[in-house]
Amino acid sequence: MRPVLAKILSNRLSAIGVALTTASALLFLFLLALDIAGVLQNPYVGILIFLIVPAIFVSGLLLIPIGLRRERQRDPLQASGWPTLDLSDRHLRRAVLFVVVATIMNLAILSVASFGAVHYSESQEFCGQTCHTPMTPEFTAHGVGPHANVGCVQCHVGPGARGFIAGKLAGTRQLYLFTRGTFHRPIPTPVHNLPTVEGTCLNCHWADRYIGDIEKNIYEHANDDANTQTKTTLLLHVGGAKAGTGQGKGIHWHANVNNVVEYVATDDSRETVSYVRATRADGTVREYFAEGVTAEKIAGQPRRRMDCTDCHNRPAHTYAASPEREVDAALGEGLIDAKIPFVRREAVRALSATYPSRDAALPQIEETMRAALKSGQDEQALRRAIDVTQGIYRRSVFPEMKITWGTYPNQRGHTVSNGCFRCHDEAHTTREGLAISQDCETCHAMQ
């Protein structure tokens with residue numbers, strides 16, 4: 001028997017397979033070393049290292065036996081029957097040793113590549129930057145939000161093998177839509193196939209917890225030269241469950257595990273609620289119907305049990321509701337100097353304009369504000385005001401994805417969206433005429 005390597009190389013197809021396998025293996029190890037050393041920072045590098053190069057490696061491995069098989073079929077002396085394995089043959093022993101060593105090395109490379117592919121596909125860079133256009137808004141909002149240090153997969157992939165498989169299938173479908181350019185602009189919400197809060201939110205947040213009252217300041221400013229401020233202080237009755245008692249009160253009464261709130265929404269965005277059923281810890285059940293809705297009309301319609309995401313519907317990807325509220329908040333927090341005359345008015349005006357792209361918006365925002373605000377201002381304060389205003393735009397408006405002010409309403413509250421008033425509107429009543437209260441003092445008090 002000829003030496004195994006010489007036999008492989010004598011076949012063109014197998015020789016190509018050897019060349020591809022060897023070259024891709026060396027390239028994989030080289031790129032892996034650079035990645036571990038932190039030299040490679042581009043988010044697309046992971047696709048090359050853990051997907052493209054391993055695919056070439058596997059293709060080369062497959063070509064080797066295919067080539068040998070074709071060569072064997074062309075040799076009439078070897079075309080039938082199995083080869084004789086005589087380990088007393090020195091060449092055969094070398095061949096077996098070569099195959100064993102090569103198999104171990106191949107398995108090691110494929111194992112590292114497979115682990116790396118899974119790890120990379122669950123990274124922030126892959127989720128937020130690989131599919132650049134559709135995911136830029138989500139990646140940007142996530143990076144400046146309270147969940148910035150929480151990985152995408154911790155919320156978007158459920159626990160266990162089932163969640164992993166479902167997540168990968170969803171990711172494959174999304175990648176297909178991205179490559180075809182057929183993804184929605186903007187991405188529709190809510191995401192109906194999100195994992196349950198038990199496998200995501202409640203890994204960190206404790207539902208059976210009493211929080212009590214929280215103070216919140218809301219700033220508003222006039223469009224006068226002094227940017228006159230009005231400050232409203234609310235005492236939010238967050239409340240919550242009283243651990244182990246089945247009792248609770250306040251806004252987080254809805255999250256008490258001993259209470260069951262179910263509802264029927266007549267639209268995909270869950271903005272219009274036609275029916276609410278509340279089951280308290282003592283077993284008391286009340287059914288509330290919107291005006292003109294009867295039990296017959298909602299029969300057979302899917303009910304959803306209320307959970308964290310029905311109010312906190314944008315927990316990790318929050319966008320600004322309006323330029324006015326964002327500028328008011330920046331002024332209230334001292335990020336924009338209120339001593340600049342009319343800065344509130346001009347910042348809002350610059351943000352409210354329509355721009356063809358984010359790249360075009362930033363210089364035009366600066367040009368608009370500089371042209372409108374009187375010369376002689378403190379340049380440092382003006383520069384900071386422009387930078388803050390541009391930052392508000394960068395994290396709020398994405399023309400390429402048709403995302404602008406209020407595209408994604410935040411249901412936590414009711415000032416800029418329906419929010420609480422989807423149910424608490426005094427129009428959802430029981431058959432006895434009892435309404436879901438809209439009493440302001442139920443949720444907050446003015447300070």
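Residue numbers run from 1 in the order of the sequence given.
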**OP:** Rounded to the nearest 0.5 Å, what's the gap from CD1 on Ile386 to CD on Glu366? Could you check?
**Re:** 4.5 Å
Original post:
Does Leu331 offer a backbone N or O that forms a donor-acceptor pair with the side chain of His221 under 3.5 Å?
Top reply: no
Original post:
Side-chain contact, heavy-atom cut-off 4.5 Å: Leu32 with Phe50?
Top reply: yes
Original post:
Taking His444 for the side chain and Leu235 for the main chain, is one N or O donor matched with an acceptor at less than 3.5 Å?
Top reply: no
**OP:** Answer yes or no: is there a donor N or O on one side and an acceptor on the other, between the side chain of Asn256 and the main chain of Ala241, under 3.5 Å?
**Re:** no
Subject >> Approximate separation, where rounding is to 0.5 Å, of Thr389 OG1 and Leu351 CG >> reply: 5.5 Å
**OP:** Can you measure from OG (Ser437) to NE2 (His428) and round to the nearest 0.5 angstrom?
**Re:** 14.0 Å
Subject >> With sequence neighbours excluded, residues passing side-chain hydrogen bond (donor to acceptor under 3.5 Å, both in side chains) with Asn106 >> reply: none
Original post:
From Ile214 CD1 over to Leu236 CG, what is the distance, rounded to the nearest 0.5 angstrom?
Top reply: 7.0 Å
Subject >> Intermediate values then yes/no, side chain to side chain contact (heavy atoms under 4.5 Å, CB included), Val416 and Asn410 >> reply: CA-CA 8 Å; Val416 293; Asn410 191 338; 5.6 Å; no
**OP:** Taking the side chain as every heavy atom from C-beta outward, state whether Glu324 and Val327 have any atom pair closer than 4.5 Å.
**Re:** no
**OP:** Take Thr368 and Arg349 through the test side chain to side chain contact (heavy atoms under 4.5 Å, CB included) and record every step on the way to the result.
**Re:** CA-CA 9 Å; Thr368 298; Arg349 187 164 71 92; 3.9 Å; yes
Original post:
Quick one: does Leu20's side chain get under 4.5 Å of Leu63's, heavy atoms only?
Top reply: yes
**OP:** Check the angle between the aromatic planes of His254 and His424 and answer parallel, tilted or perpendicular using the 30° and 60° thresholds.
**Re:** perpendicular
Subject >> Non-hydrogen atoms of His312 and Pro315 that approach each other most closely >> reply: O-CD, 3.0 Å
Subject >> Note, Val238 side chain near Asp213 side chain (heavy atom, < 4.5 Å) >> reply: no
Subject >> Atom pair OG1/CE of Thr103 and Met105 - distance to nearest 0.5 Å >> reply: 10.5 Å
**OP:** Quick one: sort the Tyr393 and Tyr355 rings into parallel, tilted or perpendicular, breaks at 30° and 60°.
**Re:** perpendicular
Subject >> Asp282 atom CG: more than 12 heavy-atom contacts under 6.0 Å >> reply: yes
Original post:
Would you say the side chain of Lys231 lies within less than 4.5 Å of the side chain of Asn217, judging by non-hydrogen atoms?
Top reply: yes
Original post:
Stepwise, does the side chain to side chain donor-acceptor pair (under 3.5 Å) test hold for Asp359 with Ser357?
Top reply: CA-CA 5 Å; Asp359 291 338; Ser357 68; 5.3 Å; no
Original post:
Which atoms form the tightest heavy-atom contact between Ala350 and Met369, and what is the distance?
Top reply: CB-CG, 4.1 Å
Subject >> Trace of the side chain to side chain contact (heavy atoms under 4.5 Å, CB included) decision for Cys155 with Leu194 >> reply: CA-CA 8 Å; Cys155 294; Leu194 273 177; 5.8 Å; no
**OP:** Might you confirm whether atom CD of Glu379 has over 12 heavy atoms from other residues, nucleotides or ligands at distances under 6.0 Å?
**Re:** yes
Subject >> Asn203 (side chain) donor-acceptor with Gly199 (main chain) under 3.5 angstrom >> reply: yes
Subject >> Donor-acceptor contact below 3.5 Å, side chain Arg422 vs main chain Gly419 >> reply: yes
Original post:
Does atom CZ of Arg314 have more than 12 heavy-atom neighbours from other groups under 6.0 Å away?
Top reply: yes
Considering only distance and modelled atom types, tabulate donor-acceptor pairs under 3.5 Å from the side chains of residues 302-309, sequence neighbours left out.
residue: Arg304; atom: NE; partner: Tyr263; partner atom: OH; Å: 3.3
residue: Arg304; atom: NE; partner: Asp310; partner atom: OD1; Å: 2.9
residue: Arg304; atom: NE; partner: Asp310; partner atom: OD2; Å: 3.3
residue: Arg304; atom: NH2; partner: Asp307; partner atom: OD1; Å: 3.1
residue: Arg304; atom: NH2; partner: Asp307; partner atom: OD2; Å: 3.2
residue: Arg304; atom: NH2; partner: Thr309; partner atom: OG1; Å: 3.1
residue: Arg304; atom: NH2; partner: Asp310; partner atom: OD2; Å: 3.4
residue: Arg305; atom: NH2; partner: Asn259; partner atom: O; Å: 3.2
residue: Asp307; atom: OD1; partner: Thr309; partner atom: N; Å: 3.0
residue: Asp307; atom: OD1; partner: Thr309; partner atom: OG1; Å: 2.7

Original post:
How close do Val348 and Pro323 get, heavy atom to heavy atom, and via which atoms?
Top reply: CG2-O, 4.1 Å
Original post:
Are more than 12 heavy atoms from other residues, nucleotides or ligands located less than 6.0 Å from atom CD of Glu291?
Top reply: no
Original post:
Where do Tyr288 and Ala435 come nearest, in terms of heavy atoms and distance?
Top reply: CE2-C, 4.0 Å
Subject >> Smallest separation among heavy atoms of His317 and Glu138, with atom names >> reply: ND1-O, 3.0 Å
Subject >> Steps toward side chain to side chain contact (heavy atoms under 4.5 Å, CB included) verdict (Thr140, Arg394) >> reply: CA-CA 8 Å; Thr140 301; Arg394 272 197 303 267; 5.9 Å; no
Original post:
Taking side chain as C-beta onward, heavy atoms only, is Ile340 less than 4.5 Å from Leu373?
Top reply: yes
**OP:** Please check if any side-chain donor atom of Glu432 sits under 3.5 Å from a side-chain acceptor atom of Thr430, or the reverse.
**Re:** yes
Original post:
Should the pair Glu220-Arg344 be classified as a salt bridge under the 4.0 Å nitrogen-to-oxygen rule?
Top reply: no
**OP:** Anything under 30° is parallel, anything over 60° is perpendicular, the rest tilted; go ahead and classify Tyr319 against Phe398.
**Re:** perpendicular
**OP:** Measure the spacing between OG1 of Thr442 and CD1 of Ile436 and express it to the nearest 0.5 Å.
**Re:** 12.0 Å
Original post:
Does some side-chain heavy atom of Asp337 sit less than 4.5 Å from a side-chain heavy atom of Asp378?
Top reply: no
Original post:
Are any side-chain N or O atoms of Gln301 and backbone N or O atoms of Lys297, one a donor and one an acceptor, separated by less than 3.5 Å?
Top reply: yes
Subject >> Side-chain (Asp224) to main-chain (Asn227) donor-acceptor, under 3.5 angstrom >> reply: yes
Original post:
Within a radius of less than 6.0 Å around CG of Asp268, do more than 12 heavy atoms belonging to other residues, nucleotides or ligands occur?
Top reply: no
Original post:
Side-chain contact, heavy-atom cut-off 4.5 Å: Phe183 with Arg185?
Top reply: yes
**OP:** Indicate yes or no for a side-chain donor-acceptor contact from Ser24 to the backbone of Thr21 under 3.5 Å, with no hydrogens or angles considered.
**Re:** yes
Subject >> Closest non-hydrogen atom pair between Ile187 and Tyr408, with its separation >> reply: O-OH, 2.6 Å
**OP:** Tell me, please, whether Phe342 has Arg345 positioned over its six-membered ring: NZ or CZ under 6.0 Å from the ring centre and within 45 degrees of its axis?
**Re:** yes
**OP:** Answer yes or no: is there a donor N or O on one side and an acceptor on the other, between the side chain of Gln411 and the main chain of Cys311, under 3.5 Å?
**Re:** no
Original post:
Does the Asn313 side chain pair with the main chain of Pro409, one donor and one acceptor, at a distance under 3.5 Å?
Top reply: yes
Original post:
Do NZ/NE/NH1/NH2 and the carboxylate oxygens of Arg370 and Glu346 come within less than 4.0 Å?
Top reply: no
